[in-house]
There are 2 protein chains.
Amino acid sequence: MTYSKTENFDQNSRDIAKVCKALAHPARIAILKYLAEQKVCISGDITTEIPLSRTTVSQHLQELKNAGIIHGEISGTRVNYCLCKENVEMVKSLLNGFLENINKNTVECKK
Amino acid sequence: MTYSKTENFDQNSRDIAKVCKALAHPARIAILKYLAEQKVCISGDITTEIPLSRTTVSQHLQELKNAGIIHGEISGTRVNYCLCKENVEMVKSLLNGFLENINKNTVECKK
DNA sequence: GTTTTATGTCGCAAACATACGACATTACTA
DNA sequence: TAGTAATGTCGTATGTTTGCGACATAAAAC
């Protein structure tokens with residue numbers, strides 16, 4: 001009865017919320033930054049760069065993969081992760097479009 | 001013991017994650033869109049525009065307020081909410097900076 | 001002063017997210 | 001084919017979010 005009424009909102013709002021949800025944890029931001037820093041796609045030894053257990057990092061990677069932001073390519077026992085050009089650009093234009101849109105009717109708030 | 005190790009990540013990553021968290025629900029996106037549509041700041045009768053109870057909408061408004069994205073001004077029994085120019089722009093540049101940054105080392109993923 | 005109107009806050013229940021140890025899987029290596 | 005290394009998945013404990021009814025508050029209307 002309670003919870004999860006997301007289907008009552010329009011697709012664009014849900015898309016934006018979904019992308020933001022994927023980015024809504026510092027570990028995932030740190031992972032993305034790390035991937036962006038590397039010349040080559042890097043495997044799951046991201047663990048050594050992130051102060052979390054391997055299991056947890058793996059889960060965060062799955063979430064980023066589900067959101068389509070990263071991509072993992074199997075190579076032997078390793079998995080090479082990388083940022084997906086198309087999807088990162090999709091995210092960029094989705095968020096930019098939204099922020100540009102709401103930026104039209106803002107008000108000065110001294111606060 | 002478990003959970004919430006966010007303090008182990010750098011400030012920028014936490015800031016980005018925080019903003020994204022505020023945007024990580026379709027209701028909040030819908031609320032922001034609605035606010036952007038209005039000529040004047042609109043009070044909590046946003047309820048009629050959003051398929052959720054007044055209580056829940058009120059809570060989402062609080063979250064957006066906490067994130068500094070909107071601002072509520074009391075006027076009698078009403079509260080006029082509006083988008084904060086400075087903060088919306090702050091969010092824009094924060095997210096743009098990050099996305100621009102990670103966009104440098106992406107890879108074509110046919111998928 | 002009582003009623004109405006617009007809001008916010010509390011407390012609860014259900015759903016979801018986070019973190020991790022233990023186990024399973026898969027491929028390379030000797 | 002046994003051993004190791006890199007990963008993923010499961011189960012569990014705990015914290016957080018979502019959604020709402022019920023109550024509290026406070027200004028305006030009468």
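Here is the naming used below: chain letters follow the sequence lines, and residue numbers restart at 1 for every chain.
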Sugar-phosphate, base or nothing in reach of Glu63(B), heavy atoms under 4.0 Å: sugar-phosphate
Charged N-O contact under 4.0 Å between Lys85(A) and Glu89(A): yes
Tyr81(B) side-chain N/O to dG8(C) phosphate OP1/OP2 under 4.0 Å: yes
Comparing Gln62(B) and Ile74(A) on DNA chain C - which has the more 5′ nearest nucleotide: Gln62(B)
Cluster link Ile42(A) to Ile29(A), ILVMFWY, side chain under 4.5 Å: yes
Phosphate OP1/OP2 of dA17(C): any Lys21(B) side-chain N/O under 4.0 Å: no
Distance test, side-chain N/O of His25(A) to OP1/OP2 of dA19(C), below 4.0 Å: yes
Shared hydrophobic cluster for Met90(B) and Leu32(B) (ILVMFWY, side-chain gaps under 4.5 Å): no
Between C1' of dT7(D) and NZ of Lys65(A), the distance in whole Å: 10 Å
Collect all protein-nucleotide pairs involving nucleotides 2-4 of chain C in which both atoms are nitrogen or oxygen and the distance is under 3.5 Å.
none

Whole angstrom value for the distance that separates P of dG8(D) from CD of Glu73(A): 13 Å
Ile31(A) CD1 to dA19(C) P, straight-line distance once rounded to whole Å: 10 Å
N/O donor-acceptor pair under 3.5 Å between Ser75(B) side chain and Arg78(B) backbone: no
Shared hydrophobic cluster for Tyr81(B) and Val107(A) (ILVMFWY, side-chain gaps under 4.5 Å): no
Ser53(B) versus Thr56(B), side-chain donor and acceptor atoms under 3.5 Å: yes
Interatomic distance where CD belongs to Gln59(B) and P belongs to dG11(C) [whole Å]: 13 Å
Integer-rounded Å distance: dT18(C) P and Arg14(B) CZ: 16 Å
Lys21(A) backbone acceptor or donor facing Arg28(A) side chain under 3.5 Å: yes
Nearest-nucleotide comparison on DNA chain D, the residue closer to the 5′ end among Leu52(B) and Val79(A): Val79(A)
Partners passing side chain to side chain donor-acceptor pair (under 3.5 Å) against Lys92(B) (at least two apart in sequence or in another chain): Glu100(A)
His60(A), nearest nucleotide to its side chain (from dA19(C), dT18(D), dC20(D)): dA19(C)
Candidates dG21(C), dT7(C), dG19(D) - which lies nearest the side chain of Arg78(B): dT7(C)
Whole angstrom value for the distance that separates P of dA6(C) from CG of Asn80(B): 13 Å
side-chain N/O Ser58(A) vs dT7(D) OP1/OP2, d < 4.0 Å: no
Stepwise side chain to side chain contact (heavy atoms under 4.5 Å, CB included) test for Asp15(A) and Gln11(A): CA-CA 6 Å; Asp15(A) 288 346; Gln11(A) 192 60 49; 3.0 Å; yes
Rounded distance (Å) that lies between atom P of dT7(C) and atom CG of Leu61(B): 10 Å
Spacing of Leu23(A) atom CG relative to dT18(C) atom P, expressed in whole Å: 12 Å
Nucleotide-resolved protein contact map, nucleotides 22-30 of chain D, B/S/- at heavy-atom distance under 4.0 Å: B----BS--
Glu73(B) CD: over 12 foreign heavy atoms closer than 6.0 Å: no
